[in-house]
Amino acid sequence: MNIAFFLLPKQEVATVTSDATLRQTLERMEYHRFTAVPILTKDGKYKGTVTEGDLLWHMKNSKGEITFENASKYYLKDVPLRVDIKPVSIDANMGDLINLAKAQNFVPVVDDMDRFIGIVRRSQIIEYCENMVSKESLNTNSG
């Protein structure tokens, strides 16, 4: 099985750039109802993934300096990312994808030049595995 089979393309993924403000990032996450979004560089390379927790901890640790009202004055590039969400190459094998998906809700996918091309959601992998187990069960019970 090829990773591309599971790929949700970049055009359909909510992303932010590291020069986005905290407010822009929060509003994008709220609008799409995501708790984490990939961060891309200006040239489209995958830089990391920011989570709601990263933003909340950064605001908390500012000791009241950063509020939602003034969050448009602060930038995502200054937010420490607590979890290193690793990408997988589009050419990687399924074992690599599954290994990352065990610990991540989604796996960012990059091309051979490290440009972000989309994500694979863990739920898609689980659904695929569920279908395979169901087919196997049907074959075992019918034989």
K.L.:
State which residues pass salt bridge (charged side-chain N to carboxylate O under 4.0 Å, His left out) with Asp111; sequence neighbours excluded, sorted by chain then number.
P.N.:
Arg115
K.L.:
Excluding sequence neighbours, so at least two apart, what forms side chain to side chain donor-acceptor pair (under 3.5 Å) with Thr49?
P.N.:
Tyr46
K.L.:
Which residues pass the side chain to side chain contact (heavy atoms under 4.5 Å, CB included) test with Gln11, sequence neighbours left out?
P.N.:
Pro9
K.L.:
Which pair of heavy atoms, one from Pro38 and one from Ala14, lies closest together, and at what distance?
P.N.:
CD-O, 3.4 Å
K.L.:
Roughly how far, to the nearest 0.5 Å, is the OG atom of Ser62 from the CH2 atom of Trp57?
P.N.:
13.0 Å
K.L.:
If you round to the nearest 0.5 Å, how far is CD1 of Ile3 from CG of Asn93?
P.N.:
7.0 Å
K.L.:
Side chain to side chain donor-acceptor pair (under 3.5 Å) with Asn105: which residues, sequence neighbours excluded?
P.N.:
Arg122
K.L.:
For Asp112, enumerate each residue passing the side chain to side chain contact (heavy atoms under 4.5 Å, CB included) test, keeping only those at least two apart in sequence or located in another chain.
P.N.:
none
K.L.:
Heavy-atom distance under 4.5 Å between the side chains of Ile39 and Thr17, does that happen here?
P.N.:
no
K.L.:
Could you grab the distance from atom CG of Leu26 to atom CG of Leu56, nearest 0.5 Å is fine?
P.N.:
7.5 Å
K.L.:
Of all residues at least two apart in sequence or in a different chain, which pass the side chain to side chain donor-acceptor pair (under 3.5 Å) check with Arg121?
P.N.:
none
K.L.:
For Lys102, which residues count as a side chain to side chain donor-acceptor pair (under 3.5 Å) partner, sequence neighbours excluded?
P.N.:
Asn99
K.L.:
Which pairs would a plain distance check flag for residues 75-88, meaning a side-chain donor or acceptor within less than 3.5 Å of a matching protein atom at least two apart in sequence or in another chain?
P.N.:
from, atom 1, to, atom 2, distance (Å)
Arg82, NE, Asp54, OD1, 3.4
Asp84, OD2, Lys86, NZ, 2.5

K.L.:
State, with a plain yes or no, whether a side-chain heavy atom of Leu55 is found less than 4.5 Å away from one of Val50.
P.N.:
yes
K.L.:
Give me each pair satisfying ring pair (Phe, Tyr, Trp, His ring centres under 6.0 Å) with a member in residues 7-32, each pair once, sequence neighbours excluded.
P.N.:
His32-Phe34
K.L.:
Evaluate whether atom CD of Glu12 has more than 12 neighbouring non-hydrogen atoms of other residues, nucleotides or ligands under 6.0 angstrom away.
P.N.:
yes
K.L.:
Where is the tightest heavy-atom contact between Met113 and Lys45, given as atom of each residue plus distance?
P.N.:
O-CE, 3.5 Å
K.L.:
So how far is it from Glu127 CD to Ile125 CD1, rounded to the nearest 0.5 Å?
P.N.:
11.5 Å
K.L.:
Would you tabulate the side-chain donor-acceptor contacts of residues 63-72 under 3.5 Å, counting partners in other chains and residues two or more places apart, or write 'none'?
P.N.:
from, atom 1, to, atom 2, distance (Å)
Glu65, OE2, Tyr74, OH, 3.2
Thr67, OG1, Glu69, N, 3.4
Thr67, OG1, Asn70, N, 3.3
Thr67, OG1, Asn70, OD1, 3.3
Asn70, OD1, Thr67, N, 2.8
Asn70, ND2, Glu65, O, 2.9

K.L.:
First locate atom CG of Asp96, then atom CE of Met94, and finally report the distance between them rounded to the nearest 0.5 Å.
P.N.:
10.0 Å
K.L.:
Does any non-hydrogen side-chain atom of Ile117 lie less than 4.5 Å from one of Val110?
P.N.:
no
K.L.:
Do Thr15 and Val37 have side chains that get closer than 4.5 Å, going by heavy atoms?
P.N.:
no
K.L.:
Could you measure the distance from the CG atom of Leu7 to the CD1 atom of Ile90? Nearest 0.5 Å is fine.
P.N.:
5.0 Å
K.L.:
Any side-chain heavy atom of Met132 within less than 4.5 Å of one from Tyr128?
P.N.:
yes
K.L.:
Any side-chain heavy atom of Val120 sitting closer than 4.5 Å to one from Leu97?
P.N.:
yes
K.L.:
Ile119 versus Val109: any side-chain heavy-atom pair under 4.5 Å?
P.N.:
no
K.L.:
Looking only at heavy atoms, what is the nearest atom pair of Phe116 and Gly118, with distance?
P.N.:
CE1-O, 3.2 Å
K.L.:
Pairs in or reaching into residues 15-24: which pass salt bridge (Lys or Arg N to Asp or Glu O under 4.0 Å), with residues at least two apart or in two chains?
P.N.:
Asp19-Lys42, Arg23-Glu27
